[in-house]
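Notes follow the structure.
If you're wondering where the values come from, they're calculated on a predicted model, not measured in any experiment. Chain A is the first sequence line, chain B the second, and so forth, proteins listed ahead of strands; every chain is numbered from 1. Below, all heavy atoms of this structure are taken into account, side chains as well, without hydrogens, waters or symmetry copies.
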Amino acid sequence: KAGVTQTPRYLIKTRGQQVTLSCSPISGHRSVSWYQQTPGQGLQFLFEYFSETQRNKGNFPGRFSGRQFSNSRSEMNVSTLELGDSALYLCASSPGQGSQPQHFGDGTRLSIL
Amino acid sequence: AQSVTQLDSQVPVFEEAPVELRCNYSSSVSVYLFWYVQYPNQGLQLLLKYLSGSTLVKGINGFEAEFNKSQTSFHLRKPSVHISDTAEYFCAVSDPDADKLIFGTGTRLQVFP
């Protein structure tokens, strides 16, 4: 089985721009979660989608949004980028029953200049 | 609210020595507990999980962890470490009803020859 695939692996943007990150979950997994990893704040939960619906949301501003498609693939969008948005963005997938562990992709490294 | 505390930010150890990485959690409800490992420039890889049942959990790469409800701890152990175990280790909890991981700040395990 192929693992969780995130594209692109690296991205460089400037302040004020917007960005879209993509995540393809493991086949058969219906839940996709997004996390932000920074040296200062560590790993923080952004949001989780299950069957195209946002089921959980972390404490991030509205500039951070996401969606999930019918094939379970998910995208995350960040608008009006700020320097502090520089981070590793990790996507994780699971079957969605809570008891099943999440499997992570290798992440997208976003750098804001 | 749930929280996770990893008591050691760095743990240096010589090869073939035993190691324990400490994790304490706080939650008003029953939780699932996980340990993940992150190698440089990679995502998170699941080492082991505790959902219920036996309090001693065995994972991959020779790691094991013990769930202690009275002390709200979930310490990770390995009897003999290898150079290749050098990585960042994260303890995490999740609510059984939600696919949302709350992570500790991580412990950097550095194995010396």
Side-chain angles (χ1 to χ4, degrees), chain A residues 3-7 9-10 21 23-26 29-51 53-60 66 68 72 74 87-109, chain B residues 1-10 23 25 27 29-54 57-60 63 65 67 74 76 87-108:
Chain A
V4 178
T5 303
Q6 292 188 245
T7 56
R9 284 296 311 276
Y10 301 93
L21 312 181
C23 173
S24 293
I26 290 172
H29 284 189
R30 297 167 64 191
S31 169
V32 173
S33 300
W34 289 88
Y35 296 84
Q36 182 195 65
Q37 185 177 25
T38 60
Q41 299 299 316
L43 281 154
Q44 293 187 286
F45 172 78
L46 279 157
F47 30 64
E48 182 230 351
Y49 286 86
F50 181 81
S51 294
T53 301
Q54 188 181 85
R55 194 164 64 169
N56 290 290
K57 188 177 188 305
N59 190 24
F60 278 81
Q68 186 180 34
S72 294
S74 177
L88 180 66
Y89 289 88
L90 292 164
C91 168
S93 78
S94 79
Q97 285 94 14
S99 64
Q100 299 301 313
Q102 296 180 35
H103 297 267
F104 284 80
D106 284 337
T108 294
R109 173 77 61 183
Chain B
Q2 298 167 341
S3 66
V4 177
T5 301
Q6 290 184 247
L7 298 161
D8 305 298
S9 60
Q10 296 186 64
C23 172
Y25 70 93
S27 177
V29 298
S30 60
V31 294
Y32 295 148
L33 294 157
F34 306 87
W35 275 98
Y36 283 88
V37 61
Q38 186 176 35
Y39 299 101
N41 298 316
Q42 292 186 24
L44 303 176
Q45 181 183 4
L46 179 70
L47 280 175
L48 47 79
K49 63 184 179 185
Y50 173 79
L51 305 180
S52 64
S54 173
V57 180
K58 293 192 182 297
I60 63 171
F63 284 95
F67 171 63
F74 190 56
L76 181 71
E88 189 92 19
Y89 291 79
F90 293 93
C91 180
V93 301
S94 77
D95 185 326
D97 295 326
D99 253 18
K100 170 185 172 182
L101 289 169
I102 306 298
F103 286 93
T105 51
T107 297
R108 170 80 177 156

task = Examine whether an atom of B:L101 lies under 4.5 Å from a heavy atom of chain A, and if so say whether it belongs to the side chain, the backbone or both; otherwise answer neither.
result = both

query = Where does the angle between the aromatic ring planes of A:F104 and B:F103 fall among parallel (under 30°), tilted (30 to 60°) and perpendicular (over 60°)?
reply = perpendicular

Which portion of A:Q102 sits near chain B, non-hydrogen atoms under 4.5 angstrom = both

task = Name the region of A:Q44, side chain, backbone, both or neither, that has any atom closer than 4.5 Å to a heavy atom of chain B.
result = neither

key: Proximity breakdown for A:L90 and chain B, heavy-atom pairs closer than 4.5 Å   = side chain

message = Please classify the contact of A:Y35 with chain B as side chain, backbone, both or neither, using a heavy-atom distance under 4.5 Å.
response = side chain

ask   = Are any non-hydrogen side-chain atoms of B:Y89 and B:D8 less than 4.5 angstrom apart?
value = no

ask   = Would you say the side chain of B:I60 lies within less than 4.5 Å of the side chain of B:Q45, judging by non-hydrogen atoms?
value = yes

query = Parallel, tilted or perpendicular: which fits the ring planes of B:Y25 and B:F67, with parallel below 30° and perpendicular above 60°?
reply = parallel

message = Between B:Q38 and chain A, with a heavy-atom cut-off of 4.5 Å, which part of the residue counts as in contact: side chain, backbone, both or neither?
response = side chain

Separation between CG of B:L47 and CZ of B:F34, rounded to the nearest 0.5 Å = 12.5 Å

